[in-house]
Asker: 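Quick one: the structure is below, questions incoming.
Scope of the values below: all heavy atoms of this structure, side chains included, with no hydrogens, waters or symmetry mates. Below, chains carry the letters A, B, ... as their sequence lines are ordered, and counting in each starts from 1.
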2 protein chains.
Amino acid sequence: MSTWNDVPYLSKHGMTKKTATAQRREDSLSRERIIEASIELLDSDGESGLTFRALSERLATGPGAIYWHVANKGELLAAACDAIVARAIDVHLVEATPEVTIRTLALSMFDAIDTHPWVGSALTRALGQLPVVRILERIGQQVQILDVPVEEQWATTSAILNYIFGAGGQNADNVQSAQTRGIDRSQFLKIVSAAWKQLDPDEYPFARSIAEKLRGHDDRADFLKGIDLILAGIGSAR
Amino acid sequence: MSTWNDVPYLSKHGMTKKTATAQRREDSLSRERIIEASIELLDSDGESGLTFRALSERLATGPGAIYWHVANKGELLAAACDAIVARAIDVHLVEATPEVTIRTLALSMFDAIDTHPWVGSALTRALGQLPVVRILERIGQQVQILDVPVEEQWATTSAILNYIFGAGGQNADNVQSAQTRGIDRSQFLKIVSAAWKQLDPDEYPFARSIAEKLRGHDDRADFLKGIDLILAGIGSAR
DNA sequence: ACCTGAACACCGTTCAAGT
DNA sequence: ACCTGAACACCGTTCAAGT
(Lines give C-alpha, C1' and ligand atoms only; values in the text may rest on other atoms or scores of the structure.)
Protein backbone atom coordinates (compact mmCIF):
# COMPACT_ATOMS: atom_id res chain seq x y z
CA MET A 1 0.00 0.00 0.00
CA SER A 2 2.47 2.57 1.15
CA THR A 3 5.25 0.58 -0.43
CA TRP A 4 4.91 2.33 -3.73
CA ASN A 5 5.48 5.75 -2.31
CA ASP A 6 8.39 4.36 -0.35
CA VAL A 7 10.28 3.88 -3.58
CA PRO A 8 10.78 7.38 -4.90
CA TYR A 9 12.99 6.41 -7.83
CA LEU A 10 10.26 4.15 -9.12
CA SER A 11 8.27 7.31 -9.38
CA LYS A 12 4.97 7.54 -11.07
CA HIS A 13 6.29 9.84 -13.76
CA GLY A 14 6.02 8.01 -17.02
CA MET A 15 5.24 4.76 -15.26
CA THR A 16 1.76 4.57 -16.69
CA LYS A 17 0.42 5.75 -19.96
CA LYS A 18 -2.28 7.66 -18.18
CA THR A 19 0.01 10.39 -16.89
CA ALA A 20 -1.86 13.62 -17.41
CA THR A 21 -0.26 15.04 -20.50
CA ALA A 22 0.39 18.71 -20.02
CA GLN A 23 -1.68 20.79 -22.38
CA ARG A 24 0.33 23.84 -21.61
CA ARG A 25 1.13 26.67 -23.95
CA GLU A 26 4.10 25.92 -26.17
CA ASP A 27 6.22 28.66 -24.69
CA SER A 28 5.64 27.91 -21.01
CA LEU A 29 7.73 25.66 -18.86
CA SER A 30 6.88 21.99 -18.55
CA ARG A 31 8.53 18.83 -17.35
CA GLU A 32 8.98 17.70 -20.93
CA ARG A 33 10.64 20.90 -22.09
CA ILE A 34 12.97 20.86 -19.09
CA ILE A 35 14.00 17.27 -19.76
CA GLU A 36 14.51 17.95 -23.43
CA ALA A 37 16.70 20.94 -22.68
CA SER A 38 18.61 18.83 -20.17
CA ILE A 39 19.34 16.23 -22.81
CA GLU A 40 20.62 18.89 -25.18
CA LEU A 41 22.84 20.31 -22.48
CA LEU A 42 24.09 16.86 -21.50
CA ASP A 43 24.83 15.94 -25.10
CA SER A 44 26.72 19.10 -25.90
CA ASP A 45 28.53 19.80 -22.65
CA GLY A 46 28.70 16.46 -20.89
CA GLU A 47 27.56 15.48 -17.45
CA SER A 48 29.10 18.51 -15.80
CA GLY A 49 27.27 20.72 -18.26
CA LEU A 50 23.92 20.02 -16.66
CA THR A 51 23.55 22.87 -14.22
CA PHE A 52 20.45 24.49 -12.88
CA ARG A 53 21.91 27.82 -13.87
CA ALA A 54 22.83 26.79 -17.40
CA LEU A 55 19.48 25.07 -17.74
CA SER A 56 17.48 28.03 -16.51
CA GLU A 57 19.41 30.33 -18.81
CA ARG A 58 18.61 28.11 -21.78
CA LEU A 59 14.98 28.07 -20.74
CA ALA A 60 14.95 31.79 -20.00
CA THR A 61 13.86 31.49 -16.38
CA GLY A 62 15.30 31.42 -12.90
CA PRO A 63 16.74 28.31 -11.27
CA GLY A 64 13.85 28.20 -8.84
CA ALA A 65 11.30 27.76 -11.61
CA ILE A 66 12.73 24.37 -12.50
CA TYR A 67 12.18 23.14 -8.99
CA TRP A 68 8.49 23.55 -9.43
CA HIS A 69 8.53 20.82 -12.10
CA VAL A 70 11.37 18.62 -10.92
CA ALA A 71 12.27 17.58 -7.38
CA ASN A 72 16.04 17.77 -7.71
CA LYS A 73 19.00 17.20 -9.96
CA GLY A 74 18.98 13.45 -9.48
CA GLU A 75 15.42 13.18 -10.71
CA LEU A 76 16.27 15.38 -13.66
CA LEU A 77 19.16 13.17 -14.68
CA ALA A 78 17.09 10.02 -14.22
CA ALA A 79 14.29 11.44 -16.33
CA ALA A 80 16.66 12.46 -19.11
CA CYS A 81 18.21 9.03 -18.97
CA ASP A 82 14.83 7.38 -19.10
CA ALA A 83 13.80 9.33 -22.17
CA ILE A 84 16.84 8.05 -24.06
CA VAL A 85 16.37 4.48 -22.86
CA ALA A 86 12.69 4.44 -23.75
CA ARG A 87 13.52 5.44 -27.30
CA ALA A 88 16.44 3.01 -27.55
CA ILE A 89 14.50 -0.07 -26.56
CA ASP A 90 11.50 0.81 -28.68
CA VAL A 91 12.63 -1.74 -31.24
CA HIS A 92 10.15 -4.40 -32.24
CA LEU A 93 11.06 -7.22 -34.53
CA VAL A 94 8.53 -9.58 -35.98
CA GLU A 95 9.27 -13.26 -36.28
CA ALA A 96 12.75 -12.87 -34.86
CA THR A 97 14.33 -15.46 -32.60
CA PRO A 98 14.82 -14.40 -28.99
CA GLU A 99 18.57 -14.48 -29.58
CA VAL A 100 18.29 -11.99 -32.42
CA THR A 101 15.95 -9.80 -30.42
CA ILE A 102 18.32 -9.76 -27.45
CA ARG A 103 21.25 -8.92 -29.70
CA THR A 104 19.28 -6.13 -31.33
CA LEU A 105 18.10 -4.67 -28.04
CA ALA A 106 21.58 -4.84 -26.56
CA LEU A 107 23.13 -3.20 -29.59
CA SER A 108 20.52 -0.49 -29.54
CA MET A 109 21.39 0.25 -25.92
CA PHE A 110 25.08 0.23 -26.76
CA ASP A 111 24.55 2.74 -29.54
CA ALA A 112 22.37 4.94 -27.36
CA ILE A 113 25.08 5.07 -24.71
CA ASP A 114 27.68 5.70 -27.37
CA THR A 115 25.87 8.77 -28.66
CA HIS A 116 24.81 9.90 -25.17
CA PRO A 117 27.78 8.93 -22.99
CA TRP A 118 26.23 10.47 -19.89
CA VAL A 119 23.52 7.80 -20.04
CA GLY A 120 26.21 5.24 -19.31
CA SER A 121 26.96 6.67 -15.92
CA ALA A 122 23.40 7.69 -15.13
CA LEU A 123 22.20 4.17 -15.80
CA THR A 124 24.43 2.63 -13.19
CA ARG A 125 21.83 3.40 -10.63
CA ALA A 126 19.35 1.58 -8.48
CA LEU A 127 17.31 -1.42 -9.47
CA GLY A 128 14.17 0.50 -8.73
CA GLN A 129 14.80 3.07 -11.40
CA LEU A 130 12.43 3.10 -14.30
CA PRO A 131 14.97 2.84 -17.13
CA VAL A 132 16.49 -0.27 -15.61
CA VAL A 133 13.10 -1.89 -15.26
CA ARG A 134 12.28 -1.07 -18.85
CA ILE A 135 15.32 -2.90 -20.17
CA LEU A 136 14.92 -5.73 -17.67
CA GLU A 137 11.43 -6.29 -18.94
CA ARG A 138 12.34 -6.44 -22.60
CA ILE A 139 15.29 -8.77 -22.06
CA GLY A 140 13.44 -10.89 -19.52
CA GLN A 141 10.60 -11.60 -21.89
CA GLN A 142 13.06 -13.00 -24.39
CA VAL A 143 14.76 -15.07 -21.71
CA GLN A 144 11.40 -16.61 -20.94
CA ILE A 145 10.92 -17.49 -24.58
CA LEU A 146 14.35 -19.13 -24.52
CA ASP A 147 12.88 -21.66 -22.10
CA VAL A 148 15.24 -20.82 -19.29
CA PRO A 149 13.91 -22.51 -16.12
CA VAL A 150 11.92 -20.14 -13.93
CA GLU A 151 14.41 -20.28 -11.07
CA GLU A 152 17.17 -19.14 -13.39
CA GLN A 153 15.33 -16.42 -15.26
CA TRP A 154 16.27 -13.67 -12.86
CA ALA A 155 19.98 -14.49 -12.72
CA THR A 156 20.10 -14.98 -16.47
CA THR A 157 18.36 -11.73 -17.27
CA SER A 158 20.39 -9.71 -14.83
CA ALA A 159 23.58 -11.23 -16.23
CA ILE A 160 22.71 -9.82 -19.64
CA LEU A 161 21.70 -6.51 -18.10
CA ASN A 162 24.87 -6.23 -16.08
CA TYR A 163 26.96 -6.94 -19.11
CA ILE A 164 25.17 -4.27 -21.13
CA PHE A 165 25.58 -1.72 -18.35
CA GLY A 166 29.20 -2.59 -17.79
CA ALA A 167 30.15 -2.47 -21.44
CA GLY A 168 28.10 0.65 -22.04
CA GLY A 169 29.67 2.41 -19.10
CA GLN A 170 33.14 1.46 -20.18
CA ASN A 171 32.50 2.62 -23.71
CA ALA A 172 30.95 5.84 -22.47
CA ASP A 173 34.10 6.58 -20.52
CA ASN A 174 36.26 5.97 -23.55
CA VAL A 175 34.12 8.37 -25.55
CA GLN A 176 34.24 10.96 -22.81
CA SER A 177 37.97 10.61 -22.29
CA ALA A 178 38.54 11.17 -25.98
CA GLN A 179 36.16 14.13 -26.06
CA THR A 180 37.74 15.73 -23.02
CA ARG A 181 41.14 15.55 -24.63
CA GLY A 182 39.81 16.80 -27.93
CA ILE A 183 40.77 13.74 -29.92
CA ASP A 184 38.80 11.02 -31.65
CA ARG A 185 38.36 7.41 -30.59
CA SER A 186 41.10 5.94 -32.76
CA GLN A 187 43.65 8.44 -31.52
CA PHE A 188 42.59 7.72 -27.97
CA LEU A 189 42.96 3.97 -28.46
CA LYS A 190 46.32 4.53 -30.04
CA ILE A 191 47.54 6.36 -26.97
CA VAL A 192 46.21 3.74 -24.56
CA SER A 193 47.72 1.03 -26.71
CA ALA A 194 51.09 2.76 -26.66
CA ALA A 195 50.91 3.13 -22.89
CA TRP A 196 50.12 -0.56 -22.44
CA LYS A 197 53.11 -1.50 -24.52
CA GLN A 198 55.34 0.23 -22.04
CA LEU A 199 54.04 -1.64 -19.03
CA ASP A 200 56.37 -3.89 -17.05
CA PRO A 201 56.73 -7.11 -19.09
CA ASP A 202 56.85 -9.28 -15.97
CA GLU A 203 53.75 -7.84 -14.38
CA TYR A 204 51.63 -7.07 -17.41
CA PRO A 205 52.34 -9.63 -20.14
CA PHE A 206 48.73 -9.95 -21.22
CA ALA A 207 48.01 -6.24 -21.47
CA ARG A 208 51.16 -5.87 -23.55
CA SER A 209 50.25 -8.77 -25.78
CA ILE A 210 46.87 -7.35 -26.75
CA ALA A 211 47.94 -3.72 -26.90
CA GLU A 212 48.34 -3.87 -30.65
CA LYS A 213 44.99 -5.55 -31.17
CA LEU A 214 43.29 -2.88 -29.07
CA ARG A 215 44.12 -0.18 -31.59
CA GLY A 216 42.07 -1.38 -34.49
CA HIS A 217 39.30 -3.16 -32.68
CA ASP A 218 35.63 -2.74 -33.46
CA ASP A 219 33.74 -1.83 -30.30
CA ARG A 220 30.35 -2.88 -31.52
CA ALA A 221 31.63 -6.24 -32.76
CA ASP A 222 33.42 -6.89 -29.47
CA PHE A 223 30.35 -5.87 -27.55
CA LEU A 224 28.24 -8.34 -29.52
CA LYS A 225 30.83 -11.03 -28.95
CA GLY A 226 30.15 -10.76 -25.21
CA ILE A 227 26.41 -11.01 -25.75
CA ASP A 228 26.97 -14.08 -27.88
CA LEU A 229 29.13 -15.64 -25.19
CA ILE A 230 26.32 -15.29 -22.66
CA LEU A 231 23.76 -16.50 -25.18
CA ALA A 232 25.95 -19.52 -25.93
CA GLY A 233 26.22 -20.16 -22.21
CA ILE A 234 22.46 -20.13 -21.89
CA GLY A 235 22.15 -22.46 -24.85
CA SER A 236 24.73 -24.93 -23.60
CA ALA A 237 22.69 -25.56 -20.46
CA ARG A 238 19.96 -27.17 -22.49
CA MET B 1 58.00 8.25 -26.43
CA SER B 2 55.79 11.08 -25.32
CA THR B 3 52.78 8.80 -25.45
CA TRP B 4 53.15 7.70 -21.90
CA ASN B 5 52.93 11.18 -20.50
CA ASP B 6 49.97 11.81 -22.74
CA VAL B 7 47.93 9.36 -20.72
CA PRO B 8 47.68 10.98 -17.32
CA TYR B 9 45.30 8.41 -15.82
CA LEU B 10 47.81 5.71 -16.54
CA SER B 11 50.02 7.60 -14.18
CA LYS B 12 53.28 6.31 -12.90
CA HIS B 13 52.04 6.19 -9.33
CA GLY B 14 52.08 2.59 -8.30
CA MET B 15 52.64 1.46 -11.86
CA THR B 16 56.08 0.13 -11.12
CA LYS B 17 57.50 -1.36 -8.01
CA LYS B 18 60.36 1.09 -8.11
CA THR B 19 58.32 4.09 -7.06
CA ALA B 20 60.38 5.90 -4.47
CA THR B 21 58.76 4.90 -1.21
CA ALA B 22 58.40 7.90 1.02
CA GLN B 23 60.48 7.61 4.14
CA ARG B 24 58.66 10.44 5.80
CA ARG B 25 58.03 10.88 9.49
CA GLU B 26 54.95 8.99 10.66
CA ASP B 27 53.04 12.13 11.58
CA SER B 28 53.67 14.12 8.43
CA LEU B 29 51.49 14.17 5.38
CA SER B 30 52.10 11.70 2.59
CA ARG B 31 50.27 10.40 -0.43
CA GLU B 32 49.66 7.11 1.37
CA ARG B 33 48.19 8.72 4.47
CA ILE B 34 45.95 10.92 2.36
CA ILE B 35 44.67 7.96 0.37
CA GLU B 36 44.09 5.91 3.48
CA ALA B 37 42.14 8.72 5.10
CA SER B 38 40.15 9.09 1.87
CA ILE B 39 39.18 5.44 1.98
CA GLU B 40 38.02 5.77 5.56
CA LEU B 41 35.97 8.80 4.67
CA LEU B 42 34.51 7.11 1.60
CA ASP B 43 33.62 3.99 3.55
CA SER B 44 31.94 5.82 6.39
CA ASP B 45 30.25 8.70 4.59
CA GLY B 46 29.91 7.54 1.02
CA GLU B 47 31.05 9.17 -2.18
CA SER B 48 29.77 12.58 -1.19
CA GLY B 49 31.69 12.31 2.06
CA LEU B 50 35.03 12.72 0.33
CA THR B 51 35.64 16.42 0.55
CA PHE B 52 38.88 18.33 0.63
CA ARG B 53 37.62 20.12 3.69
CA ALA B 54 36.55 16.98 5.54
CA LEU B 55 39.75 15.30 4.51
CA SER B 56 41.99 18.15 5.62
CA GLU B 57 40.15 18.32 8.93
CA ARG B 58 40.72 14.61 9.48
CA LEU B 59 44.38 15.05 8.61
CA ALA B 60 44.68 18.24 10.68
CA THR B 61 45.83 20.47 7.84
CA GLY B 62 44.46 22.91 5.33
CA PRO B 63 42.87 21.94 2.02
CA GLY B 64 45.82 23.35 0.13
CA ALA B 65 48.26 20.94 1.73
CA ILE B 66 46.58 18.00 0.06
CA TYR B 67 47.14 19.52 -3.34
CA TRP B 68 50.83 19.26 -2.83
CA HIS B 69 50.55 15.47 -2.81
CA VAL B 70 47.59 14.91 -5.11
CA ALA B 71 46.73 16.67 -8.35
CA ASN B 72 42.97 16.83 -7.88
CA LYS B 73 39.92 15.03 -6.58
CA GLY B 74 39.72 12.70 -9.54
CA GLU B 75 43.20 11.41 -8.94
CA LEU B 76 42.43 11.00 -5.27
CA LEU B 77 39.37 8.88 -5.98
CA ALA B 78 41.25 6.83 -8.57
CA ALA B 79 44.08 6.20 -6.14
CA ALA B 80 41.70 5.15 -3.36
CA CYS B 81 39.93 2.88 -5.81
CA ASP B 82 43.18 1.39 -6.97
CA ALA B 83 44.27 0.60 -3.43
CA ILE B 84 41.11 -1.44 -2.88
CA VAL B 85 41.37 -3.19 -6.23
CA ALA B 86 45.03 -4.07 -5.73
CA ARG B 87 44.16 -5.78 -2.44
CA ALA B 88 41.09 -7.49 -3.89
CA ILE B 89 42.85 -9.14 -6.81
CA ASP B 90 45.84 -10.16 -4.74
CA VAL B 91 44.50 -13.70 -4.66
CA HIS B 92 46.78 -16.44 -5.86
CA LEU B 93 45.61 -20.01 -6.15
CA VAL B 94 47.97 -22.87 -6.81
CA GLU B 95 46.96 -25.65 -9.12
CA ALA B 96 43.55 -24.19 -9.79
CA THR B 97 41.87 -24.37 -13.18
CA PRO B 98 41.54 -21.07 -15.02
CA GLU B 99 37.78 -21.31 -14.53
CA VAL B 100 38.16 -21.51 -10.77
CA THR B 101 40.68 -18.69 -10.75
CA ILE B 102 38.39 -16.45 -12.79
CA ARG B 103 35.46 -17.22 -10.51
CA THR B 104 37.57 -16.47 -7.45
CA LEU B 105 38.92 -13.23 -8.84
CA ALA B 106 35.48 -12.10 -9.93
CA LEU B 107 33.96 -12.93 -6.57
CA SER B 108 36.74 -11.11 -4.78
CA MET B 109 36.00 -8.02 -6.84
CA PHE B 110 32.31 -8.39 -6.16
CA ASP B 111 32.93 -8.55 -2.43
CA ALA B 112 35.31 -5.60 -2.54
CA ILE B 113 32.69 -3.49 -4.27
CA ASP B 114 30.06 -4.73 -1.85
CA THR B 115 32.03 -3.53 1.17
CA HIS B 116 33.24 -0.37 -0.58
CA PRO B 117 30.29 0.63 -2.75
CA TRP B 118 32.00 3.81 -3.94
CA VAL B 119 34.53 1.61 -5.76
CA GLY B 120 31.70 0.46 -7.98
CA SER B 121 31.13 3.89 -9.41
CA ALA B 122 34.78 4.93 -9.37
CA LEU B 123 35.72 1.87 -11.37
CA THR B 124 33.47 2.74 -14.26
CA ARG B 125 36.20 4.89 -15.65
CA ALA B 126 38.59 4.89 -18.54
CA LEU B 127 40.40 1.92 -19.95
CA GLY B 128 43.66 3.62 -19.23
CA GLN B 129 43.16 3.65 -15.50
CA LEU B 130 45.42 1.51 -13.46
CA PRO B 131 42.80 -0.48 -11.53
CA VAL B 132 41.12 -1.55 -14.75
CA VAL B 133 44.42 -2.69 -16.23
CA ARG B 134 45.20 -4.65 -13.07
CA ILE B 135 42.01 -6.68 -13.34
CA LEU B 136 42.28 -7.00 -17.09
CA GLU B 137 45.72 -8.50 -16.68
CA ARG B 138 44.70 -11.09 -14.13
CA ILE B 139 41.63 -12.20 -16.05
CA GLY B 140 43.38 -12.05 -19.40
CA GLN B 141 46.11 -14.40 -18.27
CA GLN B 142 43.50 -16.98 -17.37
CA VAL B 143 41.74 -16.49 -20.69
CA GLN B 144 45.02 -17.28 -22.41
CA ILE B 145 45.34 -20.48 -20.42
CA LEU B 146 41.83 -21.39 -21.51
CA ASP B 147 43.19 -21.62 -25.05
CA VAL B 148 40.96 -18.91 -26.42
CA PRO B 149 42.26 -18.00 -29.90
CA VAL B 150 44.47 -14.93 -29.89
CA GLU B 151 42.05 -12.87 -31.98
CA GLU B 152 39.30 -13.49 -29.45
CA GLN B 153 41.26 -12.95 -26.26
CA TRP B 154 40.56 -9.25 -26.04
CA ALA B 155 36.81 -9.50 -26.63
CA THR B 156 36.55 -12.45 -24.25
CA THR B 157 38.49 -10.79 -21.47
CA SER B 158 36.65 -7.52 -21.77
CA ALA B 159 33.35 -9.37 -21.75
CA ILE B 160 34.20 -10.79 -18.33
CA LEU B 161 35.46 -7.41 -17.15
CA ASN B 162 32.38 -5.61 -18.35
CA TYR B 163 30.17 -8.08 -16.59
CA ILE B 164 32.07 -7.68 -13.33
CA PHE B 165 31.91 -3.90 -13.55
CA GLY B 166 28.26 -3.90 -14.47
CA ALA B 167 27.21 -6.29 -11.73
CA GLY B 168 29.44 -4.61 -9.18
CA GLY B 169 28.07 -1.20 -10.02
CA GLN B 170 24.52 -2.41 -9.82
CA ASN B 171 25.14 -4.07 -6.49
CA ALA B 172 26.93 -1.01 -5.19
CA ASP B 173 23.89 1.08 -5.99
CA ASN B 174 21.62 -1.31 -4.17
CA VAL B 175 23.86 -1.13 -1.12
CA GLN B 176 23.97 2.64 -1.29
CA SER B 177 20.25 2.98 -1.81
CA ALA B 178 19.62 0.87 1.23
CA GLN B 179 22.17 2.78 3.28
CA THR B 180 20.79 6.14 2.26
CA ARG B 181 17.36 5.11 3.38
CA GLY B 182 18.65 3.60 6.58
CA ILE B 183 17.44 0.09 5.91
CA ASP B 184 19.20 -3.17 5.21
CA ARG B 185 19.42 -5.05 1.94
CA SER B 186 16.53 -7.43 2.54
CA GLN B 187 14.20 -4.61 3.45
CA PHE B 188 15.30 -2.74 0.38
CA LEU B 189 14.67 -5.72 -1.88
CA LYS B 190 11.30 -6.22 -0.26
CA ILE B 191 10.31 -2.69 -1.17
CA VAL B 192 11.53 -2.97 -4.76
CA SER B 193 9.78 -6.30 -5.05
CA ALA B 194 6.53 -4.81 -3.80
CA ALA B 195 6.84 -1.95 -6.26
CA TRP B 196 7.39 -4.31 -9.16
CA LYS B 197 4.29 -6.23 -8.25
CA GLN B 198 2.26 -3.12 -8.78
CA LEU B 199 3.50 -2.46 -12.27
CA ASP B 200 1.10 -2.56 -15.19
CA PRO B 201 0.47 -6.27 -15.97
CA ASP B 202 0.30 -5.63 -19.70
CA GLU B 203 3.51 -3.70 -19.93
CA TYR B 204 5.59 -5.39 -17.26
CA PRO B 205 4.65 -9.08 -17.07
CA PHE B 206 8.21 -10.29 -16.60
CA ALA B 207 9.16 -7.85 -13.87
CA ARG B 208 5.98 -8.82 -12.03
CA SER B 209 6.65 -12.52 -12.46
CA ILE B 210 10.08 -12.39 -10.87
CA ALA B 211 9.26 -9.81 -8.21
CA GLU B 212 8.73 -12.50 -5.60
CA LYS B 213 11.96 -14.29 -6.48
CA LEU B 214 13.88 -11.04 -6.19
CA ARG B 215 13.16 -10.78 -2.47
CA GLY B 216 15.06 -13.78 -1.27
CA HIS B 217 17.75 -13.99 -3.89
CA ASP B 218 21.42 -14.49 -3.13
CA ASP B 219 23.43 -11.75 -4.83
CA ARG B 220 26.72 -13.57 -4.78
CA ALA B 221 25.20 -16.74 -6.19
CA ASP B 222 23.45 -14.82 -8.95
CA PHE B 223 26.64 -12.96 -9.70
CA LEU B 224 28.53 -16.22 -10.07
CA LYS B 225 25.79 -17.59 -12.27
CA GLY B 226 26.57 -14.85 -14.77
CA ILE B 227 30.29 -15.65 -14.66
CA ASP B 228 29.46 -19.29 -15.27
CA LEU B 229 27.27 -18.39 -18.22
CA ILE B 230 30.17 -16.57 -19.87
CA LEU B 231 32.58 -19.35 -18.96
CA ALA B 232 30.18 -21.89 -20.46
CA GLY B 233 29.95 -19.76 -23.57
CA ILE B 234 33.73 -19.76 -23.87
CA GLY B 235 33.80 -23.51 -23.38
CA SER B 236 31.10 -24.24 -25.92
CA ALA B 237 33.18 -22.64 -28.66
CA ARG B 238 35.73 -25.41 -28.39
C1' DA C 1 -0.74 27.75 -10.10
C1' DC C 2 3.41 29.11 -11.57
C1' DC C 3 7.54 31.97 -11.77
C1' DT C 4 11.48 35.22 -10.02
C1' DG C 5 15.97 35.87 -8.25
C1' DA C 6 18.48 36.89 -4.18
C1' DA C 7 20.49 34.27 -0.54
C1' DC C 8 22.48 30.14 1.95
C1' DA C 9 25.53 26.61 2.65
C1' DC C 10 28.30 24.36 0.52
C1' DC C 11 31.97 22.74 -3.19
C1' DG C 12 37.03 22.17 -5.79
C1' DT C 13 40.90 24.74 -6.60
C1' DT C 14 44.41 28.48 -6.36
C1' DC C 15 47.98 31.07 -4.43
C1' DA C 16 50.42 34.46 -1.75
C1' DA C 17 52.51 33.93 2.35
C1' DG C 18 54.73 31.44 5.73
C1' DT C 19 58.27 27.77 7.81
C1' DA D 1 60.32 21.25 0.36
C1' DC D 2 56.20 21.45 2.47
C1' DC D 3 52.27 23.61 4.68
C1' DT D 4 48.60 27.39 5.80
C1' DG D 5 44.21 29.38 5.10
C1' DA D 6 41.90 33.12 2.95
C1' DA D 7 39.81 33.90 -1.43
C1' DC D 8 37.63 32.80 -6.03
C1' DA D 9 34.36 30.97 -8.90
C1' DC D 10 31.40 28.04 -8.87
C1' DC D 11 27.53 24.53 -7.22
C1' DG D 12 22.36 22.66 -5.64
C1' DT D 13 18.66 24.22 -3.18
C1' DT D 14 15.40 27.28 -0.64
C1' DC D 15 12.07 30.70 -0.13
C1' DA D 16 9.93 35.17 0.35
C1' DA D 17 7.91 37.75 -2.92
C1' DG D 18 5.63 38.45 -7.02
C1' DT D 19 1.87 37.50 -10.98
Asker: Give every residue pair that meets the side chain to side chain donor-acceptor pair (under 3.5 Å) criterion with at least one member in residues 56-65 of chain B, sequence neighbours excluded.
Answerer: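 Side chain to side chain donor-acceptor pair (under 3.5 Å) check on residues 56-65 of chain B returns Glu40(B)-Arg58(B).
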Asker: Lys73(A): which residues meet the side-chain hydrogen bond (donor to acceptor under 3.5 Å, both in side chains) condition with it, sequence neighbours left out?
Answerer: none
Asker: Check the distance between dC3(C)'s P and Arg31(A)'s CZ and give it to me in whole angstrom.
Answerer: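 Arg31(A) atom CZ is separated from dC3(C) atom P by 14 Å.
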Asker: Could you check how far CD of Glu75(A) sits from P of dT13(D), rounded to whole Å?
Answerer: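 Computing the Glu75(A):CD to dT13(D):P distance gives 11 Å.
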Asker: Can you tell me how far P of dG5(D) sits from CD1 of Ile66(B), to the nearest Å?
Answerer: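 Rounding to the nearest Å, CD1 of Ile66(B) and P of dG5(D) are 13 Å apart.
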Asker: Indicate yes or no: does Asp111(B) engage Arg220(B) in a salt bridge with an N to O separation below 4.0 Å.
Answerer: yes
Asker: Where does DNA chain C form stems of at least three consecutive Watson-Crick or G-U wobble pairs, each pair having both distances below 3.5 Å?
Answerer: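 In DNA chain C, stems of three or more pairs: C:4-8 with D:12-16, C:12-16 with D:4-8.
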Asker: What's the gap between dC8(D) and dC11(C) when it is taken at their C1' atoms, as a whole Å value?
Answerer: 12 Å
Asker: Given dT13(D), dT13(C), dC3(D), identify the nucleotide with an atom nearest to the side chain of Lys73(B).
Answerer: dT13(C)
Asker: For the rings on Tyr163(A) and Tyr163(B), is their centre-to-centre separation under 6.0 Å?
Answerer: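 No: the rings miss the under 6.0 Å criterion.
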Asker: Quick one, give me the B/S/- string for nucleotides 14-19 of chain D, reading 5' to 3', where B means a protein heavy atom under 4.0 Å from the base and S means that only happens at the primed atoms, P, OP1 or OP2.
Answerer: BB----
Asker: For Leu77(A) and dG12(D), what is the distance between atoms CG and C1' respectively, to the nearest whole Å?
Answerer: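 Taking atom C1' of dG12(D) as the reference, CG of Leu77(A) is at 14 Å.
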Asker: For Asp222(A), enumerate each residue passing the side-chain hydrogen bond (donor to acceptor under 3.5 Å, both in side chains) test, keeping only those at least two apart in sequence or located in another chain.
Answerer: His217(A), Trp154(B)
Asker: For DNA chain D, which residues of residues 45-57 of chain A approach it to below 4.0 angstrom with any heavy atom?
Answerer: Leu50(A), Thr51(A), Phe52(A), Arg53(A)
Asker: Could you give the CZ-to-C1' distance, from Arg33(A) to dC2(C), as a whole number of Å?
Answerer: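 For the pair Arg33(A) CZ and dC2(C) C1', the rounded distance is 14 Å.
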Asker: For residues 47-55 of chain A, dump all side-chain donor-acceptor pairs below 3.5 Å to protein atoms at least two apart in sequence or in another chain.
Answerer:
from     : atom 1 : to        : atom 2 : distance (Å)
Glu47(A) : OE1    : Ser121(A) : OG     : 3.1

Asker: Between Trp68(A) (CH2) and dA1(C) (C1'), how many Å, whole number?
Answerer: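 Value for this atom pair: 6 Å.
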Asker: Report the residues that fulfil side chain to side chain contact (heavy atoms under 4.5 Å, CB included) with Asp90(B), sequence neighbours left out, ordered by chain and then residue number.
Answerer: His92(B)
Asker: Applying side-chain hydrogen bond (donor to acceptor under 3.5 Å, both in side chains), can you list everything that pairs with Glu137(A), at least two apart in sequence or on another chain?
Answerer: Gln141(A)
Asker: Arg185(B): what forms a side chain to side chain contact (heavy atoms under 4.5 Å, CB included) with it, not counting sequence neighbours?
Answerer: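 Testing Arg185(B) for side chain to side chain contact (heavy atoms under 4.5 Å, CB included), a comparison that skips the adjacent residues, returns Asp114(B), Asn171(B), Asn174(B), Val175(B), Leu189(B), Asp219(B).
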Asker: So, using side chain to side chain contact (heavy atoms under 4.5 Å, CB included) as the criterion, who are the partners of Asn72(B) when residues are at least two apart?
Answerer: Glu75(B)
Asker: Report the residues that fulfil side chain to side chain contact (heavy atoms under 4.5 Å, CB included) with Gln187(B), sequence neighbours left out, ordered by chain and then residue number.
Answerer: Ile183(B), Asp184(B)
